Amino acid sequence: MASPIVDCTPYREQLLALVAELPDVPRADLYGFLQQAKELSERLPEQLADALDTFDADGSEDGYLLLRGLPVDEDELPSTPTSTPAPVDRRLLVMEAMLALTGRRLGLHTGYRELRSGTVYHDVYPSPGAHHLSSETSETLLEFHTEMAYHVLQPNYVMLACSRADHERRAETLVGSIRKALPLLDEETRERLFDRKLPCCVDVAFRGGVEDPGAIAEVKPLYGNAQDPYLGYDRELLAPEEPADKEAVAVLSKALDDVTVGVKLTPGDVLIIDNFRTTHARTPFVPRWDGKDRWLHRVYIRTDRNGQLSGGERAGDVVTFSPRR
Ligand SMILES: O=C(O)CCC(=O)C(=O)O
Ligand SMILES: [Fe+2]
């Protein structure tokens, strides 16, 4: 089985040369920036390009690809942010450039209007008193979720780039892959969950200011090809009602736990999560609020897999919420 880890240390110089051709202030003209990244993504080191193309075409057992040893800002890295979104004039960080170059090889960077003011690049950093469903949590487990499984324009990939790890290097990003979990499911569970719409709540950003709108979406835990299905699984938001559905979701949940793999992101890593075949989580860690806390950069990528694009879209587009039903 192919390793999910691609050692990128041999490509550092070549990648830095591509970074130098990107605009220095990405948010000043994000469309232009991502267009330039698309052109440069044709010149990625061949083995890296092949790994991305293969992952995009076939996915993998693990459901993720980890690019390790990429170039990173070392001395000049600013303090970990304490607010979002980033200032429009913030200079390009090397890890953001990696998300541009490798992400454009895969598809279209997409912003979500209701999330983080519709920005495309998100800083992921701990924040005191974060909502328990938020990526800004730290000392509590961020539970398993398929990113925006309830959104019609659900991203195909979640990409996380690491500029700083947590001080103690404890935080693990967990990935549970349906290709690994499926063999653990009995026939009855598979049949129950396949193509079955279950009530699903949505993240706070998509609640339209209503504290608890309830399960306003419907999500199929398994769908697509019954032999090699897609997964929609959110431990907090999925809200099955019928006893047989609850039971089947519990079996799926256990299987995902049994196959979970943890990745400790370190500076120079880009983690590409196949958001149609996995669910992911993050284990607790202890922030110090000293400007050097854990700092990731996140983008969402859409591709035409499963009809996520209808034609004419551009990288950098911002889409509005429609719940899956
Ligand atoms: O912090 C992490 O490792 C993952 C957080 C997360 O789920 C996300 O940003 O989508
Ligand atoms: Fe996430």
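Whatever order the structure lists ligands and atoms in, that order sets their numbers, starting from 1. Please read all numbers here as calculations on a predicted model, not as lab measurements.
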So for atom CD, which belongs to Glu13, do other residues, nucleotides or ligands contribute more than 12 heavy atoms lying within a distance under 6.0 Å?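 It does not: Glu13 CD has 12 such atoms or fewer within range.
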Does a side-chain heavy-atom distance below 4.5 Å link [X] with [Y]?
X: Glu247; Y: Thr189; answer: no
X: Thr260; Y: Val175; answer: no
X: Val299; Y: His109; answer: yes
X: Asn156; Y: Asn275; answer: no

Using 4.0 Å as the upper bound for N to carboxylate O, is an ion pair formed by Arg105 and Asp53?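 Salt bridge between Asp53 and Arg105, a charged N being under 4.0 Å from a carboxylate O: yes.
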Step by step, work out the side chain to side chain contact (heavy atoms under 4.5 Å, CB included) result for Leu106 and Met159. CA-CA 11 Å; Leu106 297 168; Met159 298 184 68; 4.2 Å; yes
What orientation do Tyr300 and Tyr112 show, parallel under 30°, tilted 30 to 60°, or perpendicular over 60°? perpendicular
Would you tell me whether His280 and His145 have side-chain atoms, one donor and one acceptor, within less than 3.5 Å of each other?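 Yes - a donor-acceptor pair under 3.5 Å links their side chains.
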For the Fe ion (ligand 2), check which protein N, O or S atoms are under 2.8 Å away and list them. His145 NE2, Glu147 OE1, His280 NE2
Per-pair distances, ligand 1 N/O vs protein N/O, less than 3.5 Å:
{"from": "ligand 1", "atom 1": "1 (O)", "to": "Arg294", "atom 2": "NH1", "distance (Å)": "2.8"}
{"from": "ligand 1", "atom 1": "3 (O)", "to": "Thr173", "atom 2": "OG1", "distance (Å)": "2.7"}
{"from": "ligand 1", "atom 1": "3 (O)", "to": "Arg294", "atom 2": "NH2", "distance (Å)": "2.8"}
{"from": "ligand 1", "atom 1": "7 (O)", "to": "His145", "atom 2": "NE2", "distance (Å)": "3.0"}
{"from": "ligand 1", "atom 1": "7 (O)", "to": "His280", "atom 2": "NE2", "distance (Å)": "3.1"}
{"from": "ligand 1", "atom 1": "9 (O)", "to": "Arg298", "atom 2": "NH1", "distance (Å)": "2.8"}
{"from": "ligand 1", "atom 1": "10 (O)", "to": "Glu147", "atom 2": "OE1", "distance (Å)": "3.2"}
{"from": "ligand 1", "atom 1": "10 (O)", "to": "Glu147", "atom 2": "OE2", "distance (Å)": "3.3"}
{"from": "ligand 1", "atom 1": "10 (O)", "to": "His280", "atom 2": "NE2", "distance (Å)": "3.4"}
{"from": "ligand 1", "atom 1": "10 (O)", "to": "Arg298", "atom 2": "NH1", "distance (Å)": "3.2"}

